Asks: 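First, the structure itself, so that you have it in front of you.
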Amino acid sequence: MNKVEERAAEEEEEEQSFEELGVDPRLIRALTKKSILKPTPIQRVAIPLILEGKDVVARAKTGSGKTFAYLLPLLQKLFTTQSPSTKNLAPTALILVPTRELCQQVCSEANSLIELCRVQLRLVQLTSSMSVSELKTTLAGPPEIVISTPACIQTCLKNGIIQAKAVQDSLSILILDEADLLLSYGYEDDLKALTSHVPRRCQCLLMSATSSSDVEKLKKLILHNPYILTLPEVGDTKDDIIPKNVQQFYISCAARDKLVHILALLKLELVQKKVLIFTNSIDMSFRLKLFFEQFGIKSAVLNAELPQSSRLHILEEFNAGLFDYLIATDESQSEGKEQVDDQNGNERKKSKKHRKHKLDAEFGVVRGIDFKNVYTVINFEMPQTAAGYVHRIGRTGRAYNTGASVSLVSAEETEMFEEIKSLLGENDDKVSQFIAPFPLLSKNAVESLRYRAEDVARSVTKIAVRESRAQDLRNEILNSEKLKAHFQDNPKDLDLLKHDKMLSKKAPAPHLRDVPDYLVDPTTQEASKIVKLARAAMGNTNASRGKGSKGRFQRSRDPLKTFSAEAPKRAGKGGMKRKAKDTDNGHKYKKKHSA
Ligand SMILES: Nc1ncnc2c1ncn2[C@@H]1O[C@H](COP(=O)(O)OP(=O)(O)OP(=O)(O)O)[C@@H](O)[C@H]1O
């Protein structure tokens with residue numbers, strides 16, 4: 001095939017519709033109602049294979065549409081295979097995810113499809129806060145689909161809420177979503193205990209954003225001779241780990257200057273909203289929130305300490321556009337790190353006392369959560385691992401959207417920054433193509449705000465941070481009770497509570513709310529104008545989302561454009577050793593990116 005023919009074949013494949021993939025018309029109608037009109041590449045390859053009953057490992061970038069890639073065929077199978085005469089004693093399908101937030105997210109995606117299709121299917125989610133009797137009630141029936149963390153399923157098996165024999169008789173589909181994280185969240189033993197009950201005929205699917213030794217381990221543990229669907233770039237050119245529709249920037253500055261830098265970015269409107277800001281500790285998140293408050297910047301804090309209902313509500317409000325700035329601490333383990341970093345013995349004691357609140361081990365803000373329309377991700381503090389960077393940045397530029405990231409890098413974080421650059425495939429001798437210096441923030445702009453920023457930063461003392469953290473927790477615990485009751489009656493109501501309310505005891509000084517013109521140099525004014533224009537242009541583009549996504553960015557810039565698919569070496573299910581290899585074979589077909 002010559003190049004022109006190759007391209008024509010690729011274009012034809014790109015035009016493939018859900019209908020051509022064999023998706024049920026009810027599901028297509030439901031997708032249309034959600035403005036989802038054509039499948040993404042991972043969906044194009046995965047859906048027919050899953051419908052055929054194949055085991056599949058799907059490795060595709062963050063935001064590439066992996067959830068529908070398994071939900072659509074799963075629901076379709078259940079629509080057609082349910083027979084009222086079959087009485088199962090355990091669920092037919094089990095979706096395992098690493099965090100409660102993901103449980104909730106997958107559950108609401110699946111439920112909305114089920115509702116729109118108007119079919120009778122019961123889907124439940126299990127959470128570790130459920131008591132044995134609550135678990136029993138939830139699983140009575142049993143529901144056709146269960147979404148859970150591996151730990152909750154293990155609790156059910158251990159307590160006889162689900163019988164191992166019933167799992168062997170009933171389970172037909174097992175899905176491991178965000179598989180790269182399941183082991184790192186400490187679920188290895190739970191998974192091993194479960195797999196011994198998974199029947200050999202059960203179809204197993206493994207979805208993941210990155211490849212790792214953990215994914216390989218899981219593949220060996222659970223799958224039988226699977227089809228491997230991968231983005232070819234993942235092994236070949238590292239630059240595509242981050243979707244190309246996300247522009248990555250960095251700013252080098254001293255750790256003590258980070259506050260003035262972030263203030264300049266937000267207050268001078270040099271980055272587009274909505275903005276997700278990452279820190280490495282809960283205290284730092286509250287420090288930022290208090291600091292922002294004094295400049296009239298409203299933000300909310302999301303962390304592992306809050307009750308789950310509050311966390312979900314914060315995510316819902318942020319996704320619904322009720323506030324523009326969300327400060328998140330992404331690692332539940334970060335508190336441990338905070339302890340190690342403390343140099344002063346007294347401080348350490350106080351922090352320990354302060355940490356009496358139990359952090360939720362199943363909390364996961366970053367991994368897999370579908371934040372809607374986040375344009376900018378700011379790393380106020382660099383993540384503690386390079387993989388963490390990939391997952392943080394993956395919260396923007398999802399599906400057909402564009403996005404940007406700005407990392408504030410201090411001298412102490414240079415080593416991690418270098419590690420990230422090398423993961424992304426940068427060479428020291430090459431001009432940076434991947435993470436570029438942020439061009440819009442001039443030294444003058446930073447200096448013009450320095451006096452105000454330092455003055456306010458001094459007022460945000462450790463005691464103020466501690467008090468506001470405790471206050472926020474009290475508010476949210478109260479909220480969480482109210483939420484529970486309220487959402488039972490009004491599940492769609494988002495306006496009951498506000499998570500971005502002021503925590504500071506000191507009202508912001510009026511003169512700090514606006515930056516007077518004389519403080520902003522002409523270059524920065526120009527930069528801010530450009531950002532506003534870009535936002536307006538993007539607003540127009542967003543309106544045509546779904547219709548005109550093609551051509552918005554070139555094929556090579558679209559994170560959803562390429563994949564490769566590999567069939568198992570032998571047709572039958574052949575045990576662990578017979579898994580497909582990354583070398584070629586008769587069934588393999590591979591699409592290369594034409595850039
Ligand atoms: N075919 C499609 N067309 C347009 N948007 C889509 C399509 N499929 C999924 N989406 C949207 O893309 C977004 C990202 O999808 P999803 O959460 O499934 O990504 P993911 O690959 O699981 O990412 P991560 O690895 O970060 O979890 C969601 O908002 C989803 O509604």
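Computed from a predicted model, the values in this text were never measured in an experiment.
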Asks: Exactly one of I175, L174, D190 should register a side chain to side chain contact (heavy atoms under 4.5 Å, CB included) with L96. Which one does?
Replies: L174

Asks: Looking at D24 and R26, would you say the former's side chain and the latter's main chain have a donor-acceptor pair under 3.5 Å?
Replies: yes

Asks: Look only at the side chain of R395 and the backbone of F371, and say whether a donor-acceptor pair between them is shorter than 3.5 Å.
Replies: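 Between the backbone of F371 and the side chain of R395 there is no qualifying donor-acceptor contact (under 3.5 Å).
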
Asks: Nearest 0.5 Å please: distance from the CD1 atom of I42 over to the CD1 atom of I47.
Replies: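 Output value for this atom pair is 10.0 Å.
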
Asks: Can any side-chain N or O of T279 pair as donor or acceptor with the backbone N or O of S281 at less than 3.5 Å?
Replies: yes

Asks: For a 4.5 angstrom cut-off between non-hydrogen side-chain atoms, does T92 reach S170?
Replies: no

Asks: With a 4.5 Å cut-off on side-chain heavy atoms, are E109 and F68 touching?
Replies: yes

Asks: When you measure from the side chain of T396 to the backbone of V374, do you find a donor-acceptor pair of N or O atoms at a distance under 3.5 Å?
Replies: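 Between the backbone of V374 and the side chain of T396 there is a qualifying donor-acceptor contact (under 3.5 Å).
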
Asks: Where do N379 and Y389 land on the side chain to side chain donor-acceptor pair (under 3.5 Å) test, with the steps shown first?
Replies: CA-CA 9 Å; N379 284 314; Y389 178 85; 5.2 Å; no

Asks: If every non-hydrogen atom of A58 is compared with every non-hydrogen atom of K66, which pair is closest and at what distance?
Replies: O-CD, 4.3 Å

Asks: With no hydrogens and no angle check, do the side chains of Y227 and D55 hold a donor and an acceptor under 3.5 Å apart?
Replies: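 Short answer, no.
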
Asks: Does any N or O in the side chain of K274 come within less than 3.5 Å of the main-chain N or O of K372, such that one atom is a donor and the other an acceptor?
Replies: yes

Asks: Determine, stepwise, if the pair L75 / C117 fulfils side-chain contact (heavy atoms from CB on, under 4.5 Å).
Replies: CA-CA 10 Å; L75 294 178; C117 290; over 6 Å; no

Asks: If you count heavy atoms of other groups shown closer than 6.0 angstrom to NZ of K217, is the number above 12?
Replies: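 No - once you tally the heavy atoms of other residues, nucleotides and ligands closer than 6.0 Å, there are 12 at most.
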
Asks: Distance-only, no hydrogens or angles: does the Q76 side chain make a donor-acceptor pair with backbone N or O of G22 under 3.5 Å?
Replies: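 Checked: pair present.
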
Asks: Please report the C-alpha distance between I95 and L74 in whole Å, then the side-chain angles of each, then the deciding distance to 0.1 Å, and finally whether the side-chain contact (heavy atoms from CB on, under 4.5 Å) criterion is met.
Replies: CA-CA 10 Å; I95 304 175; L74 165 71; 3.9 Å; yes

Asks: Hey, could you give me the CD/CD distance between E316 and Q104, rounded to the nearest 0.5 Å?
Replies: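 One gets 6.5 Å once the value is rounded to the nearest 0.5 Å.
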
Asks: Could you tell me the separation between the OG atom of S285 and the CZ atom of R287, rounded to the nearest 0.5 Å?
Replies: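 Answer for the OG-CZ pair, S285 versus R287, is 12.0 Å.
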
Asks: With no hydrogens and no angle check, is any side-chain donor or acceptor of Y187 less than 3.5 Å from a backbone partner on P98?
Replies: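 Present.
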
Asks: In Å and rounded to the nearest 0.5 Å, what is the CD1 to CG distance from I145 to L71?
Replies: 7.5 Å

Asks: Below 4.5 Å, heavy atoms only, C-beta onward: do V301 and F286 meet side chain to side chain?
Replies: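 V301 reaches F286 side chain to side chain.
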
Asks: Can you list the steps and then say if I327 with L302 is a side-chain contact (heavy atoms from CB on, under 4.5 Å)?
Replies: CA-CA 6 Å; I327 308 168; L302 188 61; over 6 Å; no

Asks: Please tell me if the side chains of L276 and I378 come closer than 4.5 Å, counting only heavy atoms from C-beta onward.
Replies: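 SC-SC contact between L276 and I378 ruled out.
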
Asks: What heavy-atom pair brings L113 and K34 nearest, and what distance separates the two atoms?
Replies: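 Looking at all heavy atoms of both residues, the closest pair is CD2-CE, 4.0 Å.
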
Asks: Residues two or more places apart in sequence or in another chain: which of them pass ring pair (Phe, Tyr, Trp, His ring centres under 6.0 Å) with F318?
Replies: F323

Asks: Keeping E134 on the side-chain end and S131 on the backbone end, is there a donor-acceptor pair under 3.5 Å?
Replies: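 Yes: the side chain of E134 pairs with the backbone of S131.
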
Asks: State the CE-CD1 distance between M284 and I277, to the nearest 0.5 angstrom.
Replies: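 That separation rounds to 12.5 Å.
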
Asks: Just by modelled atom types, is the S64 backbone N or O under 3.5 Å from a matching donor or acceptor in the T40 side chain?
Replies: yes

Asks: For K289 and S468, test the side chains for any donor-to-acceptor distance below 3.5 angstrom and give the result as yes or no.
Replies: no

Asks: Do V56 and L229 touch side chain to side chain, with heavy atoms closer than 4.5 Å?
Replies: yes

Asks: Does any non-hydrogen side-chain atom of L206 lie less than 4.5 Å from one of L218?
Replies: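 In contact.
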
Asks: Within the 4.5 Å heavy-atom criterion, are Q203 and I173 side-chain neighbours or not?
Replies: yes

Asks: Closest heavy-atom contact between L123 and C107?
Replies: CD2-SG, 3.1 Å

Asks: Can you tell me if Q43 uses its side chain to pair, donor with acceptor, with the backbone of G65 under 3.5 Å?
Replies: yes

Asks: If you look at every heavy atom in M416 and P383, which pair is closest and at what distance?
Replies: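 Closest heavy-atom pair between M416 and P383: CG-O, 3.3 Å.
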
Asks: Give me the atom names and distance for the closest heavy-atom approach of V97 to V106.
Replies: CG1-CG2, 4.3 Å

Asks: Walk me through it: do E216 and K220 pass the test salt bridge (charged side-chain N to carboxylate O under 4.0 Å, His left out)?
Replies: CA-CA 6 Å; E216 290 303 309; K220 283 188 186 151; 5.8 Å; no

Asks: Taking all non-hydrogen atoms of both residues into account, name the closest pair between N280 and T329 and its distance.
Replies: C-CG2, 3.8 Å

Asks: How long is the straight-line distance from CD1 of I153 back to NZ of K158, given to the nearest 0.5 Å?
Replies: 13.0 Å

Asks: Among I222, L205, V57, find the one that has a side chain to side chain contact (heavy atoms under 4.5 Å, CB included) with L176.
Replies: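 By the side chain to side chain contact (heavy atoms under 4.5 Å, CB included) criterion, L176 pairs with just one of I222, L205, V57: I222.
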
Asks: Which is it for L135 and T155 under the side-chain contact (heavy atoms from CB on, under 4.5 Å) test, yes or no, and what are the steps along the way?
Replies: CA-CA 9 Å; L135 287 170; T155 308; 4.2 Å; yes

Asks: Do K165 and D169 touch side chain to side chain, with heavy atoms closer than 4.5 Å?
Replies: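 Side chain of K165 against side chain of D169, heavy atoms only: contact under 4.5 Å found.
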
